[in-house]
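Sequence lines set the chain letters: A, B, ... in the order given, protein chains first and strands last, and positions in each chain run from 1.
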2 protein chains.
Amino acid sequence: MTDDSWGPGPQTRRAAKPRASTIAEVARRARVSPATVSRVMNGRFVGDPEVAERVRRAAAELNYSPSPLARSLALGETRTIAFVVPDIGNPTFQAMLSGLSKSAAADGYRVLVADSTEDPEEEAVLAVETRRACDGLVLCAPRMSDERLHALLPVLRPVLLINRGGARFDAPSLSVDYGLGIQHLADHLYGLGHRHFVYLEGPAPSSSNQARVEGLSAFASRTGDVQIDRIPAGSASADGYRSGEAVRASGATAVLAYNDLVAVGLMSALAEMGVDVPRDIAVAGFDDIPLVRYVTPRLTTVSVPYEPLGTEAWKRLHALIKGETPSHDLVFQPRLQPRDSTAAPPVRVTIED
Amino acid sequence: MTDDSWGPGPQTRRAAKPRASTIAEVARRARVSPATVSRVMNGRFVGDPEVAERVRRAAAELNYSPSPLARSLALGETRTIAFVVPDIGNPTFQAMLSGLSKSAAADGYRVLVADSTEDPEEEAVLAVETRRACDGLVLCAPRMSDERLHALLPVLRPVLLINRGGARFDAPSLSVDYGLGIQHLADHLYGLGHRHFVYLEGPAPSSSNQARVEGLSAFASRTGDVQIDRIPAGSASADGYRSGEAVRASGATAVLAYNDLVAVGLMSALAEMGVDVPRDIAVAGFDDIPLVRYVTPRLTTVSVPYEPLGTEAWKRLHALIKGETPSHDLVFQPRLQPRDSTAAPPVRVTIED
DNA sequence: CGTTGGCGTGAAAGCGGTTTCTCGGGCAGC
DNA sequence: GCTGCCCGAGAAACCGCTTTCACGCCAACG
């Protein structure tokens, strides 16, 4: 008597997969219309409680739950947002994802992650394509040009920008004041007596590296009596490790690394070279990822609240999705975490050759 | 003459959002039927090339791209998979996500992440719910009971299990041989002369902690002359840090930490207590996360290829989705990475009180 | 020269829900 | 007792796309 045999034919490949029941089946079983089932399921039903009960029972018996896909199509909303990042392998994005994902989940939203693999072209395509499959975007696209981003904005909306703040764009944004963060570190080192610095640069085209460079030149012109060398490195520990020789050769007494990973890599290289941190050279990181307060020597760095940033991102995007005006933009201020990897410079001695 | 004014009414809240054009509009503009547009867009068109060209031009002019939602509903596939994990903040899952996300993207699939926040109940609900919104699941549910998982499997399929391997379940799986990994470390330490160990336990109910415990008892009964104390810790650096006193008090000469994070935390505490690693106590981690080869002392650990595991996970899930039989299950073997945090135990001395 | 066959295209029926609109029935008011 | 109104629930349109099926046209064949 099961007349379901004409179902979605080729689907019946794998015996085990039980085709989910539909609203029509529930309706038939409860002897009501699909409309009524829909209303009951969504709490919009106002009528004979006995009918509602029949529907609920039928739904339970068939183990029915509405297809999110069909609902999305009808409702025009997916209850999904996307998080587009240059590299999901990066701990800082992971921390943001963590905050974003948890707070979105609390409001019944899922999050899609899209990794643009640091490719500026991919960033644009991916953002547009991903956006179509969800209700909103949290976009971190440090490589994309201002013009490009500006042109894309109307298509991406509702969108929340990470680290692309200011009045340049007509979209809410959340940023980290990298420039100030690195000045905190530089000031800290300056206060200890350092005058000759090395900055281990991150990925050249990234806006966050740019911000640090600008922060440093502000620091330089403010103090007037410092020398800051720039050494290209990268954003991974291995990049820091590789820079060991160059750092020593520079003669600087203090190193500002692009981030904590680079700093730790550098410290490792220095240790192998017999250079003592902080006695011979002071090293500072950036981000304060969870591990670095436990490395030896405990790393001086600036802490950036990435997880709260993810949470705030959701708050704003959620408001945007609901058609409300989101809270004001925020610029997260890194906080200095002086620890053991920085100290006063060694007494001035000249080492011949 | 624009008769679009009756559009999706309330949607027109924010002026800036341009309603995406539909297949019907393209059809009208190209003076063909929607069916033809669909065929052209999907490369299934076999007819007058002039017609195809007209359609393509119309689509381009209207900046048309098919709604993924509507396609999904019609096709019965979303080209999205989900990755369900107990804690997205954990670096090991992040590494897996990285491999999974990149390889899925290469095949045109997106990935949804769902964080069960270590809650065994949530794990089940989340898995089922998330599954409905996508084509397949990569499930890492270390807390869920075997029975529960077994019951859920039919609904979850196609699904790939992480660390729930063996013939127990009718689903492909990928695992890490934690038991063997920890034995590698124990053997290494045993070879150095250690006989008294401490194992800093991870989350008690987790299967991966269980596997380590079993590995250790296998090691104990195999060697016969060792003592292994167990100290409850956790899975974060702070947990390791907190265990410093207990570890010293135990009198053990070697510590096996649940993972690298815990090991680093412990080493930090020991350093503050004036205990030298590895001279006074040897410390070993687990996982070989990127940073630990750069900490001082460089951490002895076993490396687990989490990112390749993510890649393999996609290969198998993809096969499953295509209705093919996936490759055989794999058990990833951790590889010993002897570094500087382990050495021979100190010469035997008895410290009174 | 009539029929068959194939080819190019459109009409329409889904996919699985939501929602507007309509309709029938019961009750209150006059 | 009849009209009007309101209420409960169903019919049907719709979300945007895919795909089957049918149709009309033209060529080739008997």
For this session: For the residue pair A/Asn90 and A/Thr92, confirm or rule out a side-chain donor-acceptor distance under 3.5 Å.
Result: yes

Seminar exercise, completed: A/Ser33 has its side chain closest, among D/dG16, C/dT18, D/dG10, to D/dG10

For this session: Measure from the side-chain heavy atoms of B/Ala35 and tell me the nearest of D/dG16, C/dG10, D/dA9.
Result: C/dG10

Problem set entry | Side chain of B/Ala70 - closest among C/dT18, D/dT18, D/dG16 | D/dG16

For this session: Take atom CD1 of A/Ile23 and atom P of C/dT19, then tell me their distance rounded to the nearest Å.
Result: 11 Å

Exercise. What does A/Leu75 touch in the nucleic acid at a heavy-atom separation under 4.0 angstrom: a base, only the sugar-phosphate, or nothing?
Worked result: sugar-phosphate

For this session: For the pair B/Glu312 and B/Lys315, find out whether any cationic side-chain nitrogen is under 4.0 Å from an anionic carboxylate oxygen.
Result: yes

For this session: Would you mind checking if B/Lys322 and B/Glu77 are paired as a salt bridge, meaning a charged N to carboxylate O distance below 4.0 Å?
Result: no

For this session: For C/dG16, take OP1 and OP2 only and decide whether either is under 4.0 Å from a side-chain N or O of A/Ser67.
Result: no

Exercise. For the pair made of CG in A/Leu73 and P in C/dT19, what is the distance, rounded to whole Å?
Worked result: 12 Å

Problem set entry | Protein-nucleotide distance (A/Arg28, atom CZ; D/dG10, atom P), rounded to Å | 14 Å

Exercise. Rounded to the Å, how far apart are A/Arg31 CZ and D/dG8 P?
Worked result: 19 Å

For this session: In plain terms, say whether B/Arg164 and B/Asp146 are close enough for a salt bridge, that is, a side-chain N and a carboxylate O under 4.0 Å apart.
Result: yes

Exercise. Can you tell me if the side-chain N/O atoms of B/Arg71 get under 4.0 Å from OP1 or OP2 in D/dT18?
Worked result: yes

Exercise. Could you state the CE-P distance from B/Met41 to D/dG16, rounded to the nearest angstrom?
Worked result: 15 Å

Exercise. Whole-Å distance between C/dG17 P and A/Phe45 CZ?
Worked result: 18 Å

Problem set entry | Identified side-chain contact (heavy atoms from CB on, under 4.5 Å) counterpart of B/Leu100 within the set B/Leu160, B/Leu317, B/Val138, B/Thr311 | B/Val138

Exercise. Touch check for A/Val46, heavy atoms < 4.0 angstrom, all strands: base, sugar-phosphate only, or nothing?
Worked result: sugar-phosphate

Exercise. Should A/Thr36 be listed as having a side-chain N or O under 4.0 Å from OP1 or OP2 of D/dA9?
Worked result: no

For this session: Using a cut-off of strictly less than 4.0 Å, decide whether B/Arg39 has a side-chain nitrogen or oxygen near OP1 or OP2 of C/dT9.
Result: no

For this session: Calculate the interatomic distance between B/Arg44 atom CZ and D/dT18 atom C1'; express it in whole Å.
Result: 9 Å

Problem set entry | 5′-ward residue of the pair B/Ala74/B/Gly47 relative to DNA chain C | B/Gly47

Exercise. Just checking A/Val37: base, sugar-phosphate only, or nothing, at a heavy-atom cut-off of under 4.0 Å?
Worked result: nothing

Exercise. Whole Å only: how far is the CG atom of B/Asp48 from the C1' atom of C/dG6?
Worked result: 17 Å

